[in-house]
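Side chains included, hydrogens not; waters and symmetry mates left out as well; all remaining heavy atoms used.
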Amino acid sequence: MKTSIHGVRIVLGVSGGIAAYKSVELLRLLTKSGADVRVMMTRNATRFVGPMTFEALSGKRVCTDLFDRSDPDASIRHIEWAQDAQGVVIAPATANMVAKYAHGFADDALSTFLLAVTCPMVICPSMNSDMYLNPSVQRNLECLKSDGHLVLEPGAGELACRTVGPGRLPEPAQILDRLTALLTQK
C-alpha cells in the first residue's frame, strides 16, 4: 500500500480569503513530501498573496486566468490539469467558491477547473464565523459532502476580522495529513 504522496500530481486551488497566506505553507509541505504540485488561484486570491510566491515554491507557472494572452495553451489548461490531477486541495475555500462549486458555476479558471475534476478532493472552508454558520453556506458544504468530497471542518478561534468562532483554515500540516490519508487509503 502506498503510504506517501511522493510523485502524486496535486492541484492546489487558492481562493480569495485572508487565509491564502497559509496556502503558501501548505504548498511548501506538499512539495517537501515529494508531491508534484500545480497552483491555480482566483483573481481575488492574488490580492492576498502574489502568484510569484507560489511559482517560486512550486517551480511551475501559476494559473490565474482562463484567457492568458501570453500563453496560447491557457484556454485548455483547466481541462488538462483536471485530467492529470490525482488529488485536489482547495485552501482556502471561501463562501463564494463553495457556493460556486456546489451549484456548478464556472466563471473563472478555478471554478471551471473544479467542474472537470474527477479525482479525490479536499475542500478547506475558511471565512468569518457568521458566514460559515450561515444556513446557505452549511447547505452548500453538505451538498459538496454528499457529492463525495472531503470537507475539513475549519478551526475555531480568533479570526482576522477580530471575531472569535469557527472559520479558521485548518493548519497546513492537518490538511496534508488528511489529503495523504485520502490518497493512500486502499
Side-chain angles (χ1 to χ4, degrees), residues 2-66 68 71 73-74 77-98 100-101 108-114 116-127 144 149-155 159-160 167-184:
K2 194 175 192 179
T3 59
S4 77
I5 57 170
H6 190 284
V8 176
R9 294 179 306 278
I10 306 290
V11 174
L12 172 59
V14 183
S15 60
I18 187 66
Y21 79 93
K22 285 186 172 181
S23 299
V24 174
E25 175 65 10
L26 177 57
L27 172 60
R28 191 187 71 74
L29 292 174
L30 287 165
T31 56
K32 189 176 179 182
S33 296
D36 178 14
V37 187
R38 293 173 167 169
V39 178
M40 188 170 283
M41 302 174 72
T42 64
R43 197 167 287 150
N44 284 338
T46 66
R47 294 173 181 236
F48 293 97
V49 181
M52 189 177 295
T53 301
F54 290 102
E55 288 176 358
L57 292 173
S58 70
K60 295 182 170 94
R61 187 174 180 152
V62 171
C63 180
T64 58
D65 195 338
L66 282 174
D68 181 352
D71 182 0
D73 296 326
R77 180 180 303 128
H78 62 290
I79 300 298
E80 290 173 357
W81 285 22
Q83 291 172 341
D84 188 56
Q86 295 172 297
V88 172
V89 181
I90 308 302
T94 60
N96 184 52
M97 186 54 63
V98 167
K100 287 199 289 190
Y101 187 42
D108 61 17
L110 181 55
S111 59
T112 304
F113 160 79
L114 291 175
V117 168
T118 59
C119 66
M121 187 181 309
V122 177
I123 300 169
C124 306
S126 177
M127 61 200 75
L144 294 175
H149 301 298
L150 175 59
V151 176
L152 297 187
E153 291 298 315
L159 305 175
R168 293 174 61 132
L169 183 70
E171 291 303 315
Q174 178 188 4
I175 297 169
L176 175 63
D177 286 345
R178 296 298 299 275
L179 175 66
T180 301
L182 178 67
L183 296 179
T184 59

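Contact of the V14 side chain with the P92 side chain is registered, since non-hydrogen atoms from C-beta on lie closer than 4.5 Å. In this structure the side chain of L169 never reaches within 4.5 angstrom of the side chain of L26, judged on heavy atoms. With a 4.5 Å cut-off on side-chain heavy atoms, Q86 and I5 do not count as touching. For the pair L57/T31, no side-chain contact is recorded, criterion being any heavy-atom separation below 4.5 Å from C-beta on. Residues N44 and R47 meet the side-chain proximity criterion, which asks for heavy atoms closer than 4.5 Å. With a 4.5 Å cut-off on side-chain heavy atoms, M127 and T94 do not count as touching. In this structure, V151 and V98 have side chains that are not in contact, with every pair of non-hydrogen atoms separated by 4.5 Å or more. Put simply, the side chain of D108 reaches to within 4.5 Å of the side chain of K100, judged on heavy atoms.
Between the CE atom of M41 and the CG atom of D65 there is a distance of 12.5 Å, given to the nearest 0.5 Å. In this structure, T42 OG1 and N96 CG are separated by 8.5 Å, a value rounded to the nearest 0.5 Å. Here the OG1 atom belonging to T64 is positioned 7.5 Å from the CZ atom belonging to R43, to the nearest 0.5 angstrom. Taking CG from L12 and CE from M40, the interatomic distance works out to 10.5 Å, rounded to the nearest 0.5 Å. Note: L150 CG to L144 CG = 11.5 Å, rounded to the nearest 0.5 Å. In this structure, OG1 on T53 lies 9.0 Å from CD on E55, to the nearest 0.5 angstrom.
Heavy-atom minimum distance, I90 versus M97: CG2-CG, 4.4 Å. Listed here is the closest heavy atom pair of G87 and C119: N-SG, 3.5 Å. Between A109 and L66 the shortest heavy-atom distance is CA-CG, 3.7 Å. Between S15 and A20, the closest heavy-atom pair is O-CB, 4.3 Å. In terms of heavy atoms, W81 sits closest to R61 at CH2-O, 4.0 Å. Counting all heavy atoms, side chain and backbone alike, H149 lies closest to I123 at CB-CD1, 3.8 Å.
Between the side chain of S58 and the main chain of K60, a donor-acceptor pair closer than 3.5 Å is present.
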Test side chain to side chain contact (heavy atoms under 4.5 Å, CB included) on T180 and S33; report intermediate values, then the result. CA-CA 10 Å; T180 301; S33 296; 5.9 Å; no
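Salt-bridge check for R28 with E25: passed, with a basic side-chain N closer than 4.0 Å to an acidic carboxylate O.
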